[in-house]
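Below, each value reflects all heavy atoms present in this structure, side chains not excepted, and no hydrogens, waters or symmetry copies. Residue numbers begin at 1 in each chain, while the letters A, B, ... track the order of the sequences.
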Protein chains: 2
Amino acid sequence: MNISAASKASGLPVKTVRYYADIGLVKAPSRSEAGYRTYDDVAVRKLVFVRRSRAFGFSIEECRELLDLYQDQDRTSSEVKRIASKRLEEIEDKQRELQSLHDELAHLVTSCRGDHMPNCPIIDYLG
Amino acid sequence: MNISAASKASGLPVKTVRYYADIGLVKAPSRSEAGYRTYDDVAVRKLVFVRRSRAFGFSIEECRELLDLYQDQDRTSSEVKRIASKRLEEIEDKQRELQSLHDELAHLVTSCRGDHMPNCPIIDYLG
DNA sequence: CCTTGACCTTCCCCTTACTGGAGAGTTTAG
DNA sequence: CTAAACTCTCCAGTAAGGGGAAGGTCAAGG
């Protein structure tokens with residue numbers, strides 16, 4: 001499989017596949033004579049694993065840890081759970097932050113008449 | 001006022017004040033003979049305005065627009081409301097995204113025993 | 001008068017996780 | 001045989017600053 005086939009099979013852009021190879025996250029198992037990266041099913045499965053992990057918002061470094069655990073038959077589920085719980089807390093922190101931003105901004109937007117006059121509670125609040 | 005006084009008065013780091021001057025968002029009104037940026041109360045008010053706008057998650061370019069409206073006596077509140085509503089929608093989009101991420105990940109974390117065994121529904125889901 | 005320490009300046013590199021493009025080599029279809 | 005499609009490496013850029021170096025400036029203390 002050349003890189004574009006691996007891209008299609010994994011659902012990642014070609015550039016991203018190449019980037020993951022560059023940073024040593026998911027390397028191409030081999031190269032052709034002309035120097036083309038060659039992927040197999042195992043590598044594609046890793047790429048998919050990373051794509052899904054990234055979709056959960058795990059950082060590249062966390063993906064690296066998760067990928068290591070994915071391939072480690074001697075892993076303990078507690079290690080995985082620790083990383084996932086950490087991410088879950090980050091999500092919850094972000095949710096709380098967004099909620100308070102939302103409430104404040106929604107209040108301001110509601111109280112702004114949005115007409116042709118210059119008077120504006122949003123600007124007043126920011127200034 | 002030198003830059004560190006403006007920094008304290010505005011609540012922004014010195015580096016940030018300098019950066020905002022560099023990109024032309026809030027320029028220092030003048031320079032001393034030695035080339036030191038000199039700020040006045042008007043400039044500090046703009047810095048505070050930007051700090052609060054950034055806290056709502058407005059981008060630098062949006063801050064630029066808002067700052068223009070802040071200083072424009074002929075503005076219409078509808079222009080302000082349009083920008084704020086756009087940001088509010090982005091926040092709501094992000095909230096929905098985080099909510100579904102949260103639900104999925106929370107489910108996985110809950111179902112993972114987190115013990116010394118390798119079996120792990122989180123890894124299974126990602127792989 | 002001199003020095004010391006706190007300021008200030010510009011400049012450049014670093015961060016995240018890619019994305020876009022240039023220039024050059026390779027492969028494949030017609 | 002050529003043109004298109006594919007691949008390679010390398011460079012630059014993104015948002016919004018942060019860190020730190022090398023060097024100029026200013027005020028206080030001795």
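Side-chain contact, B/Ser77 with A/Asp115: a donor N or O sits under 3.5 Å from an acceptor N or O.
Between D/dA5 and A/Ser4, no contact under 4.0 Å exists linking OP1 or OP2 to a side-chain N or O. Contact annotation: A/Ser59 side-chain N/O to C/dT16 OP1/OP2 distance is not under 4.0 Å. The side chain of B/Arg64 contributes no N or O atom lying less than 4.0 Å from OP1 or OP2 of D/dA16. An OP1 or OP2 oxygen of C/dA17 is reached within less than 4.0 angstrom by no side-chain nitrogen or oxygen of A/Tyr20. Put simply, B/Arg31 has a side-chain N or O that comes within less than 4.0 Å of OP1 or OP2 on C/dT10. For D/dC8, the OP1/OP2 oxygens have a side-chain nitrogen or oxygen of A/Arg37 closer than 4.0 Å. Contact check, B/Arg54 against D/dG17: a side-chain N or O comes under 4.0 Å of OP1 or OP2. Listed pair A/Thr16 / C/dT19 meets the phosphate criterion, a side-chain N or O lying under 4.0 Å from OP1 or OP2.
Counting to the nearest Å, the C1' atom of C/dT10 and the CZ atom of B/Arg18 are 9 Å from each other. Going from atom CE of B/Met1 over to atom P of C/dC8 covers 12 Å, rounded to whole Å. Computed from coordinates, the A/Asn2 CG to C/dT26 P distance equals 14 Å when rounded to whole Å. For A/Leu25 and C/dT16, the CG to C1' distance is 14 Å, given to the nearest whole Å.
Residue contacts for A/Ile23: at a heavy-atom cut-off of 4.0 Å it reaches no nucleic acid atom on any strand shown.
Across D/dA16, C/dC8, C/dT26, the shortest atom-to-atom separation from the side chain of A/Tyr36 is found for C/dT26.
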